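Keep in mind it's a predicted model, so treat the numbers as computed, not measured. Letters go in sequence order (proteins before strands), and every chain restarts at 1.
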There are 4 protein chains.
Amino acid sequence: MTESHGERKRRANGEESRRRILDAAAEVAGVRGYDGTSIALVSEKCGLPASSIYWHFKNKDDLLAAVIERSFDIWAEALTLPGDDTDPTRERVTALAGQVAKTLLDSPDFLRLGLMLTLERRPEEPSARRMFLQVRDTARARLAAVLTTLAPDADRDAIDLVTTYAIAGADGLLIAKEIGGDSVDLRPLFELHARALHDALARLAAGDPATETP
Amino acid sequence: MTESHGERKRRANGEESRRRILDAAAEVAGVRGYDGTSIALVSEKCGLPASSIYWHFKNKDDLLAAVIERSFDIWAEALTLPGDDTDPTRERVTALAGQVAKTLLDSPDFLRLGLMLTLERRPEEPSARRMFLQVRDTARARLAAVLTTLAPDADRDAIDLVTTYAIAGADGLLIAKEIGGDSVDLRPLFELHARALHDALARLAAGDPATETP
Amino acid sequence: MTESHGERKRRANGEESRRRILDAAAEVAGVRGYDGTSIALVSEKCGLPASSIYWHFKNKDDLLAAVIERSFDIWAEALTLPGDDTDPTRERVTALAGQVAKTLLDSPDFLRLGLMLTLERRPEEPSARRMFLQVRDTARARLAAVLTTLAPDADRDAIDLVTTYAIAGADGLLIAKEIGGDSVDLRPLFELHARALHDALARLAAGDPATETP
Amino acid sequence: MTESHGERKRRANGEESRRRILDAAAEVAGVRGYDGTSIALVSEKCGLPASSIYWHFKNKDDLLAAVIERSFDIWAEALTLPGDDTDPTRERVTALAGQVAKTLLDSPDFLRLGLMLTLERRPEEPSARRMFLQVRDTARARLAAVLTTLAPDADRDAIDLVTTYAIAGADGLLIAKEIGGDSVDLRPLFELHARALHDALARLAAGDPATETP
DNA sequence: TATGAATGAGACTTCATTCAT
DNA sequence: AATGAATGAAGTCTCATTCAT
């Protein structure tokens with residue numbers, strides 16, 4: 001109780017204000033997308049006037065980039081990819097996929113917003129989009145590393161292919177969930193995906209050139 | 001007063017104007033998304049004044065729904081799903097997946113715009129979104145029918161699951177292509193996906209309960 | 001009385017609206033300068049909403065450029081420079097200067113606004129400024145032509161010099177009037193200026209190299 | 001707690017901060033005018049936060065008035081008008097005009113900004129404008145004194161007239177230079193002006209009523 | 001002697017839409 | 001079958017200024 005947080009006219013606290021703005025922006029942007037996120041809406045939701053938002057962020061684009069960055073950081077922290085195990089059993093791959101699925105569904109702000117941004121092709125790319133692609137690349141690199149430990153003999157191109165397919169499946173299933181809502185049970189779907197990945201890895205490990213084009 | 005003040009061609013051809021508007025709207029919406037598509041932009045792109053757009057369409061929402069509908073129709077026509085063959089060989093499933101991939105990449109307007117709309121959660125759902133979900137359901141039903149012919153013994157839930165997974169993969173791969181551009185070769189990816197689907201179907205046909213949760 | 005102008009909801013009349021906007025903008029800009037002229041102020045003064053102003057003009061810059069152009073045209077029309085007379089008597093030059101003085105004081109909008117714009121050095125030049133410099137050049141050319149008829153033997157550089165000096169005097173005296181208000185009587189000042197110009201022309205006609213640097 | 005968190009130099013030197021602010025404000029105001037000079041721009045240019053500017057100056061108006069005052073002082077110091085000589089030869093008047101021209105071109109901040117302010121007619125006159133008119137009056141008085149020594153017999157009204165004309169010429173030529181840039185050589189122009197002033201003074205000394213209105 | 005943070009007002013501009021012709 | 005003109009609402013962002021520390 002050394003600092004009563006009930007003070008009337010809030011004493012200036014930049015850190016806390018910034019957080020409140022980011023929270024509000026994440027909430028709005030996750031729902032309405034880039035264009036649909038208006039500063040006025042964020043302002044209303046966080047209780048600070050619009051002009052205060054511009055004290056903390058250069059502009060709307062900058063704000064949304066920050067939203068994506070923070071949301072990704074939270075997600076990446078929640079997801080501790082076990083990178084030391086090298087046993088590509090189906091159980092293990094399934095567990096891995098399940099972990100990813102769960103964390104994605106828990107904090108999907110950056111992913112949903114990011115996918116929306118990804119699908120657009122504006123004349124000048126928003127830095128929020130750039131930020132999404134950047135963090136997505138980070139995640140991709142980590143996943144590729146894990147897959148490499150699971151199929152050490154596979155060449156880089158093959159790993160790349162499976163990595164891309166793994167991510168694509170996750171993206172697609174997230175969308176399926178978005179559309180289907182409660183009628184879609186993600187668990188068996190991610191299991192299906194895990195099995196597909198496992199089999200692909202197994203073929204890779206066996207040197208099966210199944211992924212090559214004839 | 002013989003109504004001859006110099007207008008040459010295009011003596012008020014409604015059909016043609018409507019088409020020009022739809023073309024322009026499709027182009028803009030495919031690039032900028034729902035919010036990013038302004039009537040002014042469409043007007044500029046099609047050469048007709050904004051008020052003329054409102055003569056042909058009730059409002060922006062209506063216009064975009066029409067865009068999606070038309071784009072889907074074009075796509076559906078291009079894609080003649082062979083629904084009579086019942087041989088679930090890998091080659092056949094692969095060919096099928098390849099066909100879908102190709103047509104999606106050729107006319108992806110409705111899909112890209114639709115996915116953007118899908119990812120948003122507005123208070124009041126745009127009818128463009130509703131339209132997308134509707135045509136998507138049509139496509140889904142057709143795909144489910146095909147899969148059923150390939151695995152006649154599978155139960156409805158299993159077919160549903162694989163159908164959802166099939167669509168999810170397509171969505172995800174489209175996004176991967178969107179992000180990766182030329183550095184992503186969709187062919188082997190769709191082959192991977194086809195193989196995954198084939199294997200799943202095979203397991204289904206064999207009564208393998210692999211997709212059930214333990 | 002074929003068209004009662006008392007109609008309630010004004011029937012759309014672009015020409016008239018445009019004029020009203022220009023009138024209002026000229027009034028405001030002449031008083032407040034470029035930055036000081038807000039669209040809201042113009043809107044209030046002309047009775048049309050701000051968005052209507054943007055129907056008629058691309059943006060504020062475009063509007064102010066139009067203000068300058070029109071104001072100049074009005075001025076140029078009011079000032080019929082007698083270009084056929086070639087008698088450089090003092091009376092004639094004085095009359096000429098007086099005419100310029102009078103018309104400048106009658107419609108000084110473009111000049112006052114233009115001079116303000118002239119004195120600024122923005123990173124990107126407003127097109128209103130460019131417009132001012134352009135019409136000013138037009139005026140300058142006409143004046144140079146008149147001076148040439150008055151001193152046909154003078155070379156181009158000399159005419160240029162006197163032209164510049166003539167304009168500078170007019171600018172300066174307008175400013176003096178602006179500052180001094182009623183306490184400044186422009187008539188004798190322009191007479192002084194006219195005399196200076198006459199003497200300079202006379203020296204030029206006589207081949208006196210007085211304007212050359214030693 | 002020995003107050004030692006690393007600040008090195010500049011231990012809060014008020015005088016120096018004030019100077020930096022004035023420098024920045026002079027630079028900005030000379031370029032953008034009164035309205036165009038924003039506190040944020042000045043802050044950025046001088047490296048001090050906006051709130052610090054308000055510690056040194058009451059408000060923007062106060063700041064710009066200070067800019068004008070200081071700029072004028074610098075100019076006045078640079079210009080040592082020789083007031084003791086009473087020989088109205090052309091050479092002397094020319095030299096005098098040249099001196100004024102040179103100093104004006106060297107430090108024109110106050111003049112350019114002042115002229116911009118002069119041309120505006122706001123509802124409430126900025127004190128910066130008042131300051132400009134005040135220092136301008138000071139300069140005017142000094143010039144009138146010099147002219148009086150050159151034409152001791154002239155009456156006050158005549159001296160006033162010539163003084164006004166002298167200043168108007170200087171203003172106008174500054175504008176000409178502003179517009180013409182390198183293509184305008186001020187030297188012969190100021191010589192022309194000097195000659196005009198000399199002749200006017202000579203006529204005054206001779207009692208020539210040339211400046212009177214018929 | 002400063003300054004980080006905040007803020008209401010207002011800047012310019014675009015929005016989707018309507019209406020009279 | 002169309003369109004020129006208009007319009008209120010809302011958009012992003014900057015403004016000058018204040019205040020607690």
Within a radius of less than 6.0 Å around CD of C:E44, do more than 12 heavy atoms belonging to other residues, nucleotides or ligands occur?
no
By the Watson-Crick or G-U definition, both distances under 3.5 Å, E:dC12 is matched with F:dG11
Please work out which residues in residues 27-35 of chain B have a non-hydrogen atom less than 4.0 Å from an atom of DNA chain F and list them by number.
none
List the steps, then state whether salt bridge (Lys or Arg N to Asp or Glu O under 4.0 Å) holds for C:R130 with C:D61.
CA-CA 11 Å; C:R130 216 152 36 228; C:D61 197 21; 5.8 Å; no
Heavy-atom nearest nucleotide on DNA chain F for D:L41 versus A:A40: which residue maps closer to 5'?
A:A40
side-chain N/O B:S38 vs E:dT14 OP1/OP2, d < 4.0 Å
no
Provide the closest heavy-atom pair for B:P126 versus B:L117 in the form atom of the first, atom of the second, distance.
CG-CD2, 4.4 Å
For the backbone of C:V31 and the side chain of D:R121, can you confirm whether one donor and one acceptor N or O come within less than 3.5 Å of each other?
no
Given that both distances must come in under 3.5 Å, which nucleotide forms a Watson-Crick or G-U wobble pair with E:dA5?
F:dT18
Does B:R32 pair with A:E120 as a salt bridge, N-O distance under 4.0 Å?
no
Let me know the distance between CD1 of A:I21 and C1' of E:dA5, rounded to the nearest Å.
10 Å
Under 4.0 angstrom, heavy atoms only, what part of the nucleic acid is A:T37 near: base, sugar-phosphate, or nothing?
sugar-phosphate
Mapping A:G47 and B:I39 onto DNA chain E by nearest heavy atom, which one lands closer to the 5' end?
A:G47
For A:E15 and E:dA5, what is the distance between atoms CD and P respectively, to the nearest whole Å?
8 Å
Taking D:S43 for its side chain and D:I39 for its backbone only, find out whether a donor-acceptor pair lies under 3.5 Å.
no
Quick one: does any side-chain atom of B:K45 pair with a main-chain N or O of B:I21 as donor and acceptor, under 3.5 Å?
no
Would you say F:dA6 has OP1 or OP2 under 4.0 Å from some side-chain N or O of C:S17?
yes
If the threshold is 4.0 Å, N to carboxylate O, is there a salt bridge linking A:R18 and A:E15?
no
May I ask you to list the residues of residues 50-62 of chain B, by number, that have any heavy atom positioned under 4.0 Å from an atom of DNA chain F?
B:S51, B:S52, B:W55, B:H56
Taking B:D35 first and then B:R122, would you say they form a salt bridge - that is, a charged N and a carboxylate O separated by under 4.0 Å?
yes
